[in-house]
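Report on the following structure.
In listed order, ligands and their atoms are each counted from 1.
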Amino acid sequence: MTIHKQSVRTFINGKIFTANLELPYASTMIVRDGSIAWIGEASDLENIEGDCVDLKGQRVLPGLIDAHMHPLWLANASTQIACTPPLVNSIADLIEQIRNSCQSNETGKWIEGWGYDEGKLSEGIAPTRWDLDEAAADIPIIISRTCTHIAVVNSKALELAGITRDTPDPPGGKIDRDQNGELTGILRENAKDLVHRIMPAKSLEENAASLAELGDFLLSHGITAITDLSSRTEPIDYLEMYQTAVEKGLNQRTVLYYLWDDLKDKPLLLRDKIKRENQIHIGGIKLFSDGSVSGKTAWVNPPFLGEEENYGIQTTTKEELLAAAKAAEQNDIQLVVHAMGEQAIELIIDTFYGKKGWLTDGPSIRIEHAAMPTPQAILRAAETGIAFVTQPIFVFAEIESYYKNLGFERTKETYPIPSMLEAGIKVAFSSDAPATAWADPVNPFVGIKSAVTRLAYDGADTGQKQRIDVITAIMLYTKSAQEITRIPHVGQLAVGNHADFIVLNQDILEISIDMIDTVLVQETYLAGNLVFQR
Ligand SMILES: [Zn+2]
């Protein structure tokens, strides 16, 4: 045998699913300088080149791509109070958790929490400022709802933000008031910004360190490529923050999507920022067409169950969508729009129907979540080449809210993945972590199980007609996620691609589908290097 450079490795004895439909299965892979130089069956291999790594007959998949998430929020959530089961099952529990956290709290700091869902609280209602005041009256508190579109704050936080009975609702937001016009502390959509903007900001260095730490955790879930769907240009430029995170050890290939609100006034980006060969780059412009199903702020039609007048909230307009699309086109990046309800989805498709996209190697427009597209919307989105990026974990984790707000029959029609795929829409899976009521929201195997079984965490039926098979679910987390995020050379284990792959402790293609959420990632490789081992 010839002598090869140290940067060559041959992986043998794997049960590899490649996500490449031309060669879906293989056992052996030669990796040279981080890229796959050869892949196939051992019987066709001429020589073992470089180091030999035995994959021990375990199931191997391409590294997973989370096409829609919020890494900075997820990183910060770990330092906040988790207002989800098993710790918090009631408002009383929530008050106790806040009190515990006050004892260890430094002065001048805010108390922050995330993840409450009134559907899961035994009182069946959302906490108010009076509940939070009971926990601490002189320290400002903000608790984000699971959907992240709604927050509840205490009286101290309202006072610091200068919000009074007389403060008008900001455009695209709502300050809740009771029947006497008193503030309840609940702030919806853009009204949250009234508080967020006065909160002490963390430094770029602190955030970058949290992101690097999160990166290791994500590798343990097999996630080798990530996205940030709420990237800002100010006060911190996320591009710079993520680049700093890379210096601190962030390994993932990362695409950022700038919020339209930040770009509106100076939409032209430097060409350097959008270069997709860079580990960190800008992939699109993000805006919102509505809120969430669980928070009853999705812009729906018919209205929410039992509330004849409540069609949710519209948070953008045709003019705004067209302006953002123009900026996306000028920058050669995507237009990425959050839309859950029928009307929110309709508005986007109506605005762009029949128009030609500006990108040549992927969808120009993405609809995020796409919970409730009508059959007509699906057909028209397919014709226009609009992609859908959706989160199977939502209906799994938030089933109480879906049943309560939409009813059983309508819930079963949400996220109609088979219809989307049949129509020819490009679909990717993702987690939207931490924006869902699950203790480990970013775990891809929970999402895959939900899509394959269409059963919620408690066994409730979420729509058996919308089930897909395991292979399809994996494709939506790999090959299709690549086609939509446009990260170069990932998503399939094929010659020329980066050798980003994961080794599982169980064969996800063989085990019973109700066991999929117990699958653990044993090893994660990036560019052929072992970067995580359990
Ligand atoms: Zn999101």
Side-chain angles (χ1 to χ4, degrees), residues 65-77 80 84 114-115 117 144-151 172-173 188-190 192-193 196 211 214 218 223 225-232 238 242 252 254-262 282-295 297-299 312-313 315-316 324 334-341 344-345 348 365-372 387-398 401-402 414-415 427-438 440-444 446-447 450 476-477 481 484-485:
I65 301 164
D66 197 325
H68 182 130
M69 60 180 300
H70 304 273
L72 188 63
W73 297 352
L74 185 61
N76 286 333
Q80 299 178 4
T84 62
W114 66 279
D117 177 349
S144 280
R145 196 180 176 282
T146 165
C147 58
T148 72
H149 290 260
I150 299 173
R188 293 173 198 270
E189 303 298 336
N190 293 348
K192 296 187 316 284
D193 298 342
H196 281 145
L211 286 170
L214 177 75
L218 298 176
I223 299 167
I226 60 174
T227 53
D228 191 318
L229 272 292
S230 45
S231 296
R232 311 291 311 257
Y238 275 34
Y242 276 88
Q252 275 84 0
T254 306
V255 195
L256 309 180
Y257 301 82
Y258 278 143
L259 294 179
W260 172 236
D261 270 349
D262 282 14
I282 308 299
I285 295 176
K286 165 84 180 294
L287 71 167
F288 293 83
S289 179
D290 67 349
S292 75
V293 171
S294 69
T297 49
W299 185 27
I313 301 183
T315 57
T316 191
Q334 291 175 325
L335 177 71
V336 176
V337 193
H338 166 118
M340 298 198 92
I345 295 168
I348 301 161
I365 300 172
R366 293 168 42 170
I367 293 182
E368 308 297 295
H369 315 307
M372 308 158 82
F388 287 179
V389 176
T390 176
Q391 297 77 28
I393 196 171
F394 280 180
V395 76
F396 173 88
E398 301 169 19
S401 302
Y402 276 77
T414 58
Y415 308 100
V427 180
F429 277 165
S430 58
S431 69
D432 200 19
T436 197
W438 196 247
D440 186 10
V442 82
N443 186 345
V446 175
S450 170
L476 299 194
Y477 248 117
I484 291 178
T485 58

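The count of protein N, O or S atoms under 2.8 Å from the Zn ion (ligand 1) stands at 3, with waters excluded from the count.
Separation of the H369 and F388 ring centroids does not fall under the 6.0 Å cut-off. Residues F288 and W260 place their aromatic rings such that the two centres sit no closer than 6.0 Å. Residues H149 and H338 place their aromatic rings such that the two centres sit under 6.0 Å apart.
With sequence neighbours left out, the ring pair (Phe, Tyr, Trp, His ring centres under 6.0 Å) criterion links W73 to H70. Annotation: side chain to side chain contact (heavy atoms under 4.5 Å, CB included) contacts of A435 (sequence neighbours excluded): T148, D432. With sequence neighbours excluded, the residues that form a side chain to side chain donor-acceptor pair (under 3.5 Å) with T436 are E398.
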